[in-house]
Structures are given as structure tokens and as C-alpha cells.
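Below is one structure, written out as C-alpha cells; comments come after it.
Remember, it's a predicted structure, so these values are computed and weren't measured experimentally.
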Amino acid sequence: MSRLMSVVGQPLVASRELTAVSADGSRLHVEVYGPEGAPALVLAHGWTCSTLFWSAQIRELAGSGAGGYRVVVYDQRGHGRSPAVGRDGYSTDALADDLEAVLAAALAPGERAVVAGHSMGGMTIMAAAGRPGFREHAAAVLLCSTGSSRLVAESLVLPMRAGRLRTRITRAVLGARAPLGPVTPLSKKILKYGTMGPGASPERVAECARIVHACPRAARVAWSHVLGELHLGAGVRELTVPTAFIAGSADRLTPPVHAREIVAALPHSLGLTELTGVGHMTPVEAPEAVTAKLRELVREYVAVPAVAGQEEKEQVV
């Protein structure tokens with residue numbers, strides 16, 4: 001059974017756990033919550049995170065009642081319960097391969113879902129935008145706190161003037177090989193400064209710290225190199241499904257300049273929701289806003305089988 005926990009309430013138990021096998025043979029841990037046959041969402045977490053990152057969305061969206069949705073979450077390769085891979089296994093192509101594998105494993109052929117990604121999860125979606133497996137299953141997309149290029153140069157983690165020196169030091173900090181160690185008051189303070197807004201509650205800071213500090217060092221470092229050389233502008237232009245964007249105005253890792261550029265380039269943009277005072281960890285910092293947007297996208301773009309069947313019956317009568 002899944003060990004997924006929420007910051008409040010009882011443990012969440014997955015209705016199913018799956019293993020998706022990617023194109024290079026890498027195995028990905030997948031968890032499915034909510035009633036079978038319900039409208040589906042697929043959520044991809046970001047760098048140094050895991051399925052735990054989506055606890056609030058799972059709790060609110062995967063209820064067992066008539067309004068419950070089917071929520072699919074997975075651990076990106078090297079994170080959580082998805083095993084590490086060799087040095088050559090970390091790339092944006094691998095991210096796209098993995099998402100296609102998860103969609104194929106968790107959804108029926110031709111079944112469409114809302115696909116959402118936070119940070120590196122959003123980059124995963126951009127990398128996969130032109131893939132047949134993605135286009136078969138994606139009905140709409142939500143991007144949260146992400147960027148398509150120039151992540152290191154645009155980062156505001158270091159309070160320095162923009163330029164080569166800041167970029168060089170930022171790259172070294174984000175790619176540091178030193179272990180994060182245990183969660184302490186100091187480490188939580190550092191994490192909050194770099195990744196969350198000034199008003200983030202202590203409980204949510206602690207939740208993010210537990211998740212981030214659990215990420216294996218090798219995966220953290222390997223993915224930092226990939227993100228530092230990111231070029232996904234072509235993927236943005238291939239993201240033809242309706243796409244909404246949520247960003248925090250106080251995001252230091254992927255400042256809102258990235259959101260505005262992506263939204264302007266999207267073929268079918270549903271606009272940008274910029275959350276005042278919120279940092280990079282939007283699904284944890286502002287769970288109500290992210291959950292509400294996901295619910296809106298499902299209702300608008302994913303057919304509800306029971307409702308569709310009832311409408312057809314009424315037309316026949």
C-alpha cells in the first residue's frame with residue numbers, strides 16, 4: 001500500500017499501485033487514487049520532490065463520492081520509489097518517455113485526462129508535447145511554477161545583480177553535491193527563502209523540507225545539470241491542448257517572467273493566474289488555488305462517462 005501522507009488528516013491509501021516501464025527500461029512507481037472509471041488527472045512533480053508533493057490535491061480531488069476524480073501520480077526517475085538510473089538516463093527526452101509510459105500504464109487506450117506538472121513536471125509536459133502518447137491522452141494541461149529555458153540565468157535565489165557572476169554561482173549552488181542532511185530549523189529557513197513565499201506557514205515549510213531532503217543526492221545533482229541546460233521552447237509551441245498556468249509572484253527559482261513568456265507562446269493559452277506572495281512550491285503553498293484550477297479543467301475538458309451516458313439515453317427516449 002502507498003505511504004502517501006497529507007499534512008493534516010489520515011494517511012491516503014492508493015486504490016492501485018502500478019509500475020510503468022519507460023522506453024529505456026527504467027521502472028517508474030505510479031499510484032492511482034479515487035474511483036475507477038472517474039474522470040482522470042495525471043500529476044507530475046518537480047525536481048527533488050515525489051508523489052507526496054500532491055497530497056493536498058489527492059485528498060481534495062480523489063474522494064470516493066460521486067464528485068470524486070481518479071488521480072494518477074508518479075515518482076520521476078531517481079525520486080521517491082522510482083529507482084535511480086545510469087548517468088546517461090537523465091535528459092528531457094527521458095522525462096518525455098517516462099510520461100508517455102505512465103499515461104499508457106494508467107489510462108485506457110484513447111482515454112483523455114488533465115495533465116498537470118509542477119516545476120520539472122511542467123518541463124516534462126513541454127518535453128512530451130509533440131509525442132503521440134501525450135497527444136492521445138492529454139485533454140488539457142496545467143503548468144505550475146515552471147520555465148522552458150534560462151532557468152539558472154533568471155533565478156533570483158541569490159540576491160545579486162543579474163549577470164555572469166550570479167549565473168555561475170547559482171549554477172554551483174543548485175548543482176552542489178553536498179548532502180542536504182537532516183531537516184533542521186536552519187535547513188527549513190534556507191528552504192523557505194529559496195523556494196517558498198514569505199508567508200508560507202511553518203507546517204507547509206516543514207512538509208516541503210521533508211520531501212526535498214528525502215531526494216537522493218545523485219538524482220538531485222544529475223537533474224540539476226539537465227535543468228541548467230534546458231531548451232524547451234519548441235515544446236511550448238507544440239503544446240496545442242488548452243493550457244493554464246499558475247505562478248507565484250515571489251517565486252525565486254522560476255520567476256514569473258518564465259510564466260509570461262510561456263503563456264505568450266502557447267497555441268491555446270487559458271491564461272496566467274499569478275498568486276501574490278506565493279513562492280515556487282505552489283501546490284503546497286496555495287493548494288486551494290491549484291486544486292480549484294484542476295477541478296475547473298476536468299469539468300471543462302474531460303468527459304464524465306456517467307453524464308455522457310445519461311445524455312445519450314435521454315436523447316434516445
Closest approach of Thr282 and Val290, non-hydrogen atoms and distance? O-CG2, 3.8 Å
Spell out, as yes or no, whether a donor-acceptor pair under 3.5 Å connects the side chain of Ser82 to the backbone of Gly80. no
Does the side chain of Arg260 come within less than 4.5 Å of Leu272's, by heavy atoms? yes
Whether the side chain of Ser15 engages the backbone of Val32 through a donor-acceptor N/O pair (distance < 3.5 Å, no angle test) should be reported. yes
May I ask you to decide if Ala20's main-chain N or O and Arg27's side chain share a donor-acceptor pair within less than 3.5 Å? no
Check the pair Leu107, Arg70 against side-chain contact (heavy atoms from CB on, under 4.5 Å), reporting the backbone distance first and the verdict last. CA-CA 10 Å; Leu107 303 178; Arg70 194 162 86 260; 3.6 Å; yes
With a 4.5 Å limit on heavy-atom distance, are the side chains of Leu227 and Met120 in contact? yes
Between Gly68 and Ala38, the two heavy atoms sitting closest are O-CB, 3.4 Å
Check: Tyr193 side chain, Val157 main-chain N or O, donor-acceptor pair, under 3.5 Å: yes
Would you name the heavy atoms of Ser22 and Ala101 that are closest together and state the gap between them? CA-CB, 3.9 Å
CA sep, side-chain torsions, deciding dist, call: Glu207, Ser55, side-chain contact (heavy atoms from CB on, under 4.5 Å): CA-CA 10 Å; Glu207 181 182 18; Ser55 295; 4.3 Å; yes
The test is side-chain contact (heavy atoms from CB on, under 4.5 Å); show your working for Ile262 and Met126 and say whether it passes. CA-CA 10 Å; Ile262 290 172; Met126 289 181 267; 4.0 Å; yes
Would you call Lys192 and Glu285 a salt bridge, using N to O less than 4.0 angstrom? no
What distance separates Arg16 CZ from Glu36 CD, expressed to the nearest 0.5 Å? 4.5 Å
Less than 4.5 Å apart, any side-chain heavy atom of Arg210 and any of Leu52? no
For Thr170 and Ser155, does a side-chain donor sit closer than 3.5 Å to a side-chain acceptor? no
Given the options Thr124, Asp98, Thr51, Gln76 meets side chain to side chain donor-acceptor pair (under 3.5 Å) only with Thr124
Hydrophobic cluster membership, with links at side-chain heavy-atom distances under 4.5 Å among I/L/V/M/F/W/Y: are Leu297 and Val72 in one? no
Looking at His79 and Trp47, would you say the former's side chain and the latter's main chain have a donor-acceptor pair under 3.5 Å? no
Among the clusters formed by ILVMFWY side chains lying less than 4.5 Å apart, do Leu253 and Val205 turn up in the same one? no
Quick check: does any side chain N or O of Arg252 sit under 3.5 Å from a backbone N or O of Gly279, one acting as donor and the other as acceptor? no
Between Ser269 and Gly271, is there a donor-acceptor pair closer than 3.5 Å when you use the side chain of the first and the backbone of the second? yes
Separation of Met281 CE from Ile211 CD1 (nearest 0.5 Å): 7.5 Å
Please list, chain by chain and in numerical order, all residues satisfying ring-ring contact (aromatic ring centres under 6.0 Å, His included) with Tyr301, sequence neighbours excluded. none
Any side-chain heavy atom of Arg131 within less than 4.5 Å of one from Asp97? yes
Where does the angle between the aromatic ring planes of Tyr74 and His45 fall among parallel (under 30°), tilted (30 to 60°) and perpendicular (over 60°)? tilted
Other ILVMFWY residues reachable from Leu186 by side-chain steps of under 4.5 Å: Ile190
According to a 4.5 Å side-chain heavy-atom criterion applied to Ile, Leu, Val, Met, Phe, Trp and Tyr, with indirect links allowed, do Leu270 and Val115 form part of one hydrophobic cluster? no
Any residue meeting ring-ring contact (aromatic ring centres under 6.0 Å, His included) with His258, in chain and number order, not counting sequence neighbours: none
The reported gap from CD in Glu136 to CD in Glu100 (rounded to nearest 0.5 angstrom) is 9.5 Å
Nearest heavy atoms of Gly235 and Ala129, plus distance in Å: O-CB, 3.3 Å
Nearest 0.5 Å please: distance from the OG1 atom of Thr19 over to the CZ atom of Arg81. 9.0 Å
Could you list the residues that satisfy side chain to side chain donor-acceptor pair (under 3.5 Å) with Asp24, not counting sequence neighbours? Ser26, Arg77
Residue pairs, two or more places apart or on separate chains, that pass salt bridge (charged side-chain N to carboxylate O under 4.0 Å, His left out) and touch residues 143-168: Arg150-Glu154, Arg150-Glu261
State the OG1-CZ distance between Thr146 and Phe245, to the nearest 0.5 angstrom. 6.0 Å
Between atom CG of Leu143 and atom CG of Leu239, what is the distance when rounded to the nearest 0.5 Å? 6.0 Å
Taking all atoms of both residues into account, what is the closest heavy-atom pair of Arg171 and Val152, and its distance? N-CG1, 3.7 Å
ring-ring contact (aromatic ring centres under 6.0 Å, His included) filter on His280, not counting sequence neighbours, yields His118
Just by distance, no angles: are the side chains of Glu31 and His29 close enough, under 3.5 Å, to form a donor-acceptor pair? yes
Look at the side chain of Ser249 and the backbone N and O of Gly277, then say whether any donor-acceptor pair between them is shorter than 3.5 Å. yes
Looking only at heavy atoms, which two atoms of Leu103 and Phe134 are closest? And how far apart? CD1-CA, 3.9 Å
Hphob cluster co-occupancy, Val236 + Val226, side-chain heavy atoms under 4.5 angstrom: yes
Starting from the C-alpha separation in whole Å, work towards a yes-or-no answer on side-chain contact (heavy atoms from CB on, under 4.5 Å) for Leu43 and Phe53. CA-CA 10 Å; Leu43 311 180; Phe53 196 76; over 6 Å; no
For the hydrophobic clusters of this structure (ILVMFWY residues joined by side-chain heavy atoms under 4.5 Å, transitively), does one cluster hold both Val102 and Tyr90? yes
Quick one: does any side-chain atom of Ser187 pair with a main-chain N or O of Val183 as donor and acceptor, under 3.5 Å? no
